[in-house]
Amino acid sequence: MRAEKAEIIAVGTELLLGQIANTNAQWISKELAALGLPVYSHTVVGDNMDRVRTCFKAAGARSDIIIVTGGLGPTEDDLTRDAAQEIFGQELVEHEPSMVKILAVFERNGRPMTLNNRKQSHVFQQAEVLTNSKGMAPGQIVEHEGTIWVFLPGVPSEMKALMEEEVLPKLRERFEWKSQIVSEMMRFIGIGESRLETELSDLISTQTNPTIAPLASEGEVGLRLTATGETDAEALQSIEALKEKILERVGGHYYGSDAVTIEEKVKQLLESRNYTIGSAESFTGGMFMENLVALPGASAVCEGGIVSYTPAAKEQVLQVPSFIIKEFGTISHECAEVMALNAQAILRTDIGISFTGVAGPEESEGKAPGTVYIGLQIGERKPEVHELYFHGAREQVRHRAVKKGFELLFQRLK
């Protein structure tokens, strides 16, 4: 059997209200893409019988594989089984092994089981039942009018376990895959999305296979390259050829692919040069050093950081001369330079980096919110200070300043 189209449906009003994010669909799509199965639609529907039924009917008319998450619990608003039953015309029956497991969970926790929990063991009479190793409600696979329906709990840990242990192996066995799909996310920093698209406009406008999808995020931009081929090797070869063309044009801003972060890249560069780093932070409150220290093995490159938020702390702890503070202020080119120099000297590191500025919401020392100075002292080079302005709320300014600090280090160290 050959599968052409897959669809993912999430059932739950809490998703529509924004109370939780639909991370299940993202994860499932990635897993299906790895099988070479394209996902054509993501749908979220609330806990309403008419809407769930309508959604299911539309999906059944257009897709070969439909994966439904959520709505398998014990309460009245768990409608997935009942809505599907009207379409399938199959009787729902109690799955005895699942019922035994549910009873055991309640006994183990010393709680009486309410009758509505029996609902969690109900499966379609002709379903292939899937063992839920992480929870109570079983998953199930039902074939109806040539379409494969997969029903899974909405709890991410339960859904992922069922997909990995049961669903994906069964799909591999059952279907003949049309092609293999391979993706790579290239990550760039120091270049905006519009500039990146301009530099690659001809590649983007003529894309076929592989495809190029620009994706902007906080302080950086990504390019998702996706290729299909008869084999993984063929798809990878297509991606590598396109990647080479991209790097010829904007390679100076490229720092890595897929799961790598700019913090990890900077740490790698520091390690490759046997450099250590120390920070002096004001409005960022230690965020730069926290991001670096969060990485495994950070002690090889991090000596520490000094958070000197007030003028007094800058003078007494960081040893910024009082005349600098009085004449130029703490939010200045001069203060940022001395902070970086003294971070290097006090912490005895190869590199000192400093952050001083106004996160907002009010101005400070006559400087507008979003005004930031980042100082950088590398070895015995001439110190450099970057005056920047960031739009956004207080936390956005802080995060953007820290990201910019990592960008500056990447550009200097690479």
- [ ] Assess whether atom CD of Q19 is packed by more than 12 heavy atoms of other residues, nucleotides or ligands within 6.0 Å.
- [x] yes

Task: Exceeds 12 heavy-atom contacts within 6.0 angstrom, atom CZ of R195 - done: no

Open item on the list: Within the supplied structure, the quantity of interest is the number of heavy atoms (other residues, nucleotides, ligands) at a distance under 6.0 Å from E362 CD; does it exceed 12?
Closed with: no

Task: Proximity of Y309 and F283 rings by center, below 6.0 Å - done: no

- [ ] Not counting sequence neighbours, which residues clear side-chain contact (heavy atoms from CB on, under 4.5 Å) with A127? List them please.
- [x] F124, Q140, V142

Task: Nearest-0.5 Å distance that lies between atom OG in S257 and atom CG in L223 - done: 9.5 Å

Open item on the list: Under 6.0 Å from the ring centre and within 45 degrees of the ring axis: does the NZ or CZ of K265 meet both conditions for the six-membered ring of Y255?
Closed with: no

Open item on the list: Give me each pair satisfying ring-ring contact (aromatic ring centres under 6.0 Å, His included) with a member in residues 45-68, each pair once, sequence neighbours excluded.
Closed with: F56-W149

Task: Within 6.0 angstrom of L115 CG, more than 12 heavy atoms from elsewhere - done: no

Task: Heavy-atom check, side chain of M339 versus side chain of Q377, under 4.5 Å - done: no

Task: Distance in Å, C302 SG paired with E290 CD, rounded so as to fall on 0.5 Å steps - done: 10.5 Å

Open item on the list: Looking at E365, I'd like to know if its CD atom is crowded, meaning that more than 12 non-hydrogen atoms belonging to other residues, nucleotides or ligands lie closer than 6.0 Å.
Closed with: yes

- [ ] For K414, look at atom NZ and say whether over 12 heavy atoms of other residues, nucleotides or ligands are found less than 6.0 Å away.
- [x] yes

Task: Atom CD of Q126 with >12 non-hydrogen neighbours under 6.0 angstrom - done: no

- [ ] Go through the structure and list residues passing side-chain hydrogen bond (donor to acceptor under 3.5 Å, both in side chains) with R187, not counting sequence neighbours.
- [x] none

Open item on the list: Set out, in order, the CA-CA distance, both residues' side-chain angles and the distance that settles ring-ring contact (aromatic ring centres under 6.0 Å, His included) for F288 and F406, then state yes or no.
Closed with: CA-CA 8 Å; F288 171 86; F406 279 105; 4.5 Å; yes

Open item on the list: Can you tell me how far apart CD (E407) and CD1 (I189) are? Round to the nearest 0.5 Å.
Closed with: 5.0 Å

TODO: Would you confirm whether T356, through its side chain, and T330, through its main-chain N or O, come within 3.5 Å as a donor-acceptor pair?
DONE: yes

TODO: Indicate yes or no: at least one non-hydrogen side-chain atom of W27 is less than 4.5 angstrom from one of M163.
DONE: yes

TODO: Report the C-alpha distance between E128 and R174 in whole Å, list the side-chain angles of each, state the deciding distance to 0.1 Å, and finish with yes or no for salt bridge (Lys or Arg N to Asp or Glu O under 4.0 Å).
DONE: CA-CA 13 Å; E128 183 176 359; R174 186 171 300 194; 3.0 Å; yes

Open item on the list: Does E164 have more than 12 heavy atoms from other residues, nucleotides or ligands lying within 6.0 Å of its CD?
Closed with: yes

Open item on the list: Working to the nearest 0.5 angstrom, can you tell me the gap between I9 CD1 and N24 CG?
Closed with: 13.5 Å

Open item on the list: Any non-hydrogen side-chain atom of E281 less than 4.5 Å from a side-chain atom of I306?
Closed with: no

Open item on the list: With no hydrogens and no angle check, just 3.5 Å: does a side-chain donor-acceptor pair link Q120 and H122?
Closed with: no

